[in-house]
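This report concerns only the one structure given below.
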Protein chains: 2
Amino acid sequence: MDTRHMRYFVALAETLHFGHAAARMNMSQPPFSRQIAAIEKTLGARLFERNSRNVALTAAGRHFLEECRAVLERFDAACRDVQLVASGVKGELKLGFMMNAAYSVVPALVRLYSEKRPDVRLVLEERIPTDIEEMLIEGRLDAAVTFGGSPATHLRTTLLARDRLRLIVPRDHRLAKLEIAGPTDLASERLIAAPASVTPTLRDAIRNYCASPGVVPHFALEPRLQHTIIRLVAEGLGIALIPQSLCADLAEGLVSRPILDAPEFDIVLCASAASSNPAVPALFEVAERLGGG
Amino acid sequence: MDTRHMRYFVALAETLHFGHAAARMNMSQPPFSRQIAAIEKTLGARLFERNSRNVALTAAGRHFLEECRAVLERFDAACRDVQLVASGVKGELKLGFMMNAAYSVVPALVRLYSEKRPDVRLVLEERIPTDIEEMLIEGRLDAAVTFGGSPATHLRTTLLARDRLRLIVPRDHRLAKLEIAGPTDLASERLIAAPASVTPTLRDAIRNYCASPGVVPHFALEPRLQHTIIRLVAEGLGIALIPQSLCADLAEGLVSRPILDAPEFDIVLCASAASSNPAVPALFEVAERLGGG
DNA sequence: CCATTTCATACCTCTGAGGTATCGATCAGC
DNA sequence: GCTGATCGATACCTCAGAGGTATGAAATGG
């Protein structure tokens with residue numbers, strides 16, 4: 001039994017006439033009759049009640065017809081879809097991103113990509129930058145939005161946006177009165193920042209910035225998520241330097257201020273060059289449109 | 001492409017080794033490699049990324065693997081099921097029955113049959129006896145529970161139960177005082193009965209019973225359903241002779257009484273001899289157990 | 001009763017699936 | 001860096017089986 005036999009069977013079940021069914025299959029009647037007989041023999045049951053004048057489906061035949069139609073339909077669709085998946089028009093794409101990208105470029109990227117590739121299912125994975133890098137290398141992600149400048153192994157990369165650090169403090173904090181803050185203003189403050197194990201890019205930038213006048217920064221708390229940092233600052237537990245893109249709509253009681261010579265960093269789309277998912281190139285095309293605009 | 005090719009593909013996708021996959025398919029490696037190449041050629045896409053050392057699935061291959069597994073599983077199940085359907089162990093059986101059988105033998109019949117043939121889906125069709133006969137002949141029903149004595153064409157028949165007519169009247173009706181009623185008691189009453197076009201068996205029995213002393217019965221109302229008849233009697237619109245089996249739990253305000261020399265009739269299971277549904281014989285086996293007990 | 005229709009059977013041909021031998025490339029170990 | 005081992009690809013051969021033609025057998029209709 002193979003798909004050809006199933007097509008023969010369906011043809012006969014639909015026409016109930018050996019000659020017509022054989023013609024539909026582009027063959028002559030005798031070998032067609034033999035194939036039907038062979039099907040019934042291998043399946044071990046009569047599918048047609050027939051004499052030299054009439055052909056009718058048996059109960060088993062009716063049931064098998066339903067199944068054959070379903071199987072053939074899915075089979076044909078699968079064969080057609082292979083090219084679509086291979087060309088990247090259809091399929092699945094696992095996209096990782098760090099939380100602070102969720103509020104800037106990721107929504108735009110996802111929207112543009114979904115328009116360009118509506119049949120590719122985007123699986124979004126929010127992770128911290130170090131996990132993202134590991135997952136990219138292991139192939140558990142096809143692409144990711146994260147900080148640029150990673151010295152990682154063969155990653156194809158394109159710039160999505162640039163971001164810079166900005167100060168957030170409680171509304172009644174003494175630094176809230178300043179128009180712009182500098183490194184010396186932060187010297188005596190309790191700083192809140194994610195540990196280097198989570199996002200080395202941000203942590204290094206903050207440490208270097210604060211340390212520039214020779215003062216060792218005091219990191220009071222070290223949560224993993226930028227959102228937690230904002231909440232803790234709002235609770236009056238310290239101040240923080242966070243990406244500007246996260247300052248758009250701060251909670252009540254928080255204010256943000258620019259800082260002098262604010263460290264900048266790239267937000268990039270990257271994919272392991274080894275990732276052979278054909279849905280990825282279109283993502284880079286969209287990303288370049290975003291980064292260039 | 002046929003199912004054999006799909007099995008080859010799945011074998012290679014699971015082992016990622018041409019030699020091992022070929023062995024699993026009980027063949028040697030060279031023709032196996034050729035078949036894989038042929039699959040990729042006909043599908044128009046690479047399914048495996050391979051060199052002389054490593055074999056890996058492409059994105060298209062991963063997608064196709066899912067589809068192949070699903071298709072093969074359903075295909076194999078369909079082939080297996082053919083014998084089961086042909087032997088009557090699995091499948092579908094359309095069973096018609098008249099409403100007054102619903103409260104006597106049908107529940108028992110359905111329960112016993114479902115125990116004997118759990119994989120046969122019973123499709124129950126409540127119809128009036130005349131429709132049942134027509135549907136049986138046309139093959140729209142495989143079997144049915146209806147009144148016996150039909151002179152219809154080649155119907156295989158077995159007795160399920162015997163029923164007799166019984167009188168129902170409102171609780172405060174003058175006939176409610178009698179222990180047992182005779183034809184003469186009914187002479188001046190407004191009778192409610194289904195028309196002959198719905199159930200000739202009952203209608204004839206009632207007319208003959210009432211007419212026996214030479215009195216023409218007065219049929220006040222002629223609804224199609226026995227349940228409607230009971231409701232109308234409860235509303236005081238007349239009295240009725242209905243099958244005893246429907247008198248089990250009458251509504252408040254109704255009482256039933258036996259009648260002298262009550263007409264009896266058979267309730268039978270019947271199937272068109274032409275019906276070739278292999279699930280039917282087991283139904284008759286169950287029915288004979290019911291009828292004999 | 002004969003012509004016609006329709007499925008089944010007999011016999012032939014040839015495609016293509018599978019086998020064996022072998023090549024070419026890659027990797028491990030000395 | 002050389003050598004043997006491993007593994008997929010290629011070349012060539014064989015034969016099962018799918019399809020073709022001719023024809024038989026049964027049923028229907030005029």
Side-chain angles (χ1 to χ4, degrees), chain A residues 1-58 60-62 64-65 68 72 75 79 154 274 276, chain B residues 1-58 60-62 64-65 68 72 75 79 154 274 276:
Chain A
M1 278 293 298
D2 60 20
T3 53
R4 187 172 35 86
H5 287 117
M6 290 172 68
R7 289 183 211 283
Y8 291 170
F9 167 73
V10 171
L12 182 56
E14 287 178 350
T15 61
L16 294 178
H17 187 290
F18 279 75
H20 299 167
R24 183 193 285 191
M25 292 291 105
N26 299 310
M27 62 192 286
S28 60
Q29 171 264 319
F32 183 84
S33 292
R34 255 183 308 144
Q35 291 303 327
I36 296 292
I39 292 170
E40 290 181 322
K41 188 176 175 187
T42 56
L43 290 182
R46 281 258 141 162
L47 297 172
F48 297 96
E49 211 63 66
R50 59 187 180 277
N51 52 42
S52 57
R53 213 64 200 168
N54 293 303
V55 179
L57 278 168
T58 63
R62 271 189 297 278
F64 194 56
L65 176 60
C68 282
L72 285 174
F75 172 78
C79 291
H154 324 82
S276 58
Chain B
M1 278 293 298
D2 59 21
T3 53
R4 188 172 35 84
H5 287 116
M6 289 171 68
R7 290 185 211 283
Y8 292 171
F9 167 73
V10 171
L12 181 56
E14 287 178 350
T15 60
L16 294 178
H17 187 290
F18 280 75
H20 298 168
R24 183 192 287 191
M25 292 291 103
N26 299 310
M27 61 191 286
S28 60
Q29 171 263 320
F32 183 84
S33 291
R34 254 183 308 146
Q35 292 303 327
I36 295 292
I39 293 170
E40 290 180 322
K41 188 176 176 187
T42 55
L43 290 182
R46 280 259 140 160
L47 298 172
F48 296 96
E49 212 63 66
R50 57 190 182 277
N51 51 42
S52 56
R53 215 62 201 171
N54 293 304
V55 179
L57 278 168
T58 63
R62 271 189 296 277
F64 194 55
L65 177 60
C68 283
L72 285 175
F75 172 77
C79 291
H154 325 83
S276 57

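These values consider heavy atoms only, across backbone and side chains, with no hydrogens, waters or symmetry-generated copies. Residue numbers begin at 1 in each chain, while the letters A, B, ... track the order of the sequences.
The separation between R34(A) atom CZ and dG24(D) atom C1' is 15 Å, rounded to whole Å. Distance I36(A) CD1 to dA18(D) P: 13 Å, rounded to the nearest Å. In this structure, CG of N51(B) is placed 9 Å from P of dA9(D), rounded to the nearest angstrom. We find that CZ of F32(B) is positioned 13 Å from C1' of dC7(D), with the value rounded to whole Å. Following rounding to the nearest Å, E49(B) (CD) and dG8(D) (P) show an atom-to-atom distance of 14 Å. When rounded to the nearest whole Å, the span between CG of D2(A) and P of dG17(D) equals 13 Å. With rounding to whole Å, R24(A) atom CZ is found 19 Å from dG19(D) atom C1'. The CG atom of N54(A) sits 16 Å away from the C1' atom of dA25(D) (whole-angstrom rounding).
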Under the criterion side chain to side chain contact (heavy atoms under 4.5 Å, CB included), I'd like the reasoning laid out for L43(B) against F64(B): C-alpha separation, chi angles, the key distance, then a yes or no.
CA-CA 10 Å; L43(B) 290 182; F64(B) 194 55; 3.8 Å; yes
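Among the atoms of the strands shown, base atoms are found under 4.0 Å from some heavy atom of Q29(B). Residue-level contact check: R4(B) touches the backbone only, with heavy atoms under 4.0 Å from sugar-phosphate atoms and none from bases. F48(B) comes within 4.0 angstrom of nothing in the nucleic acid, heavy atoms only.
Between A37(A) and R50(A) the shortest heavy-atom distance is CA-NH2, 4.5 Å. The minimum heavy-atom distance linking A56(B) with L16(B) is given by the pair CA-CD2, 4.2 Å. Residues R24(A) and T15(A) approach most closely at NH2-CG2, 3.6 Å, considering heavy atoms. For M1(B) against H5(B), the heavy-atom pair with the smallest separation is CA-ND1, 3.8 Å.
The distance from atom CZ of R46(A) to atom OG of S276(B), rounded to the nearest 0.5 Å, is 12.5 Å. Remark: F48(B) CZ to F9(B) CZ distance equals 4.5 Å, nearest 0.5 Å.
Read 5' to 3', the first and last nucleotides of DNA chain C with an atom closer than 4.0 Å to a heavy atom of chain A are dT5(C) to dT9(C).
Set against dT10(D), dA18(D), dT21(D), the side chain of P31(A) has dT21(D) as its closest nucleotide. In the set dA5(D), dA27(D), dA22(D), the nucleotide with an atom closest to the side chain of R53(A) is dA27(D).
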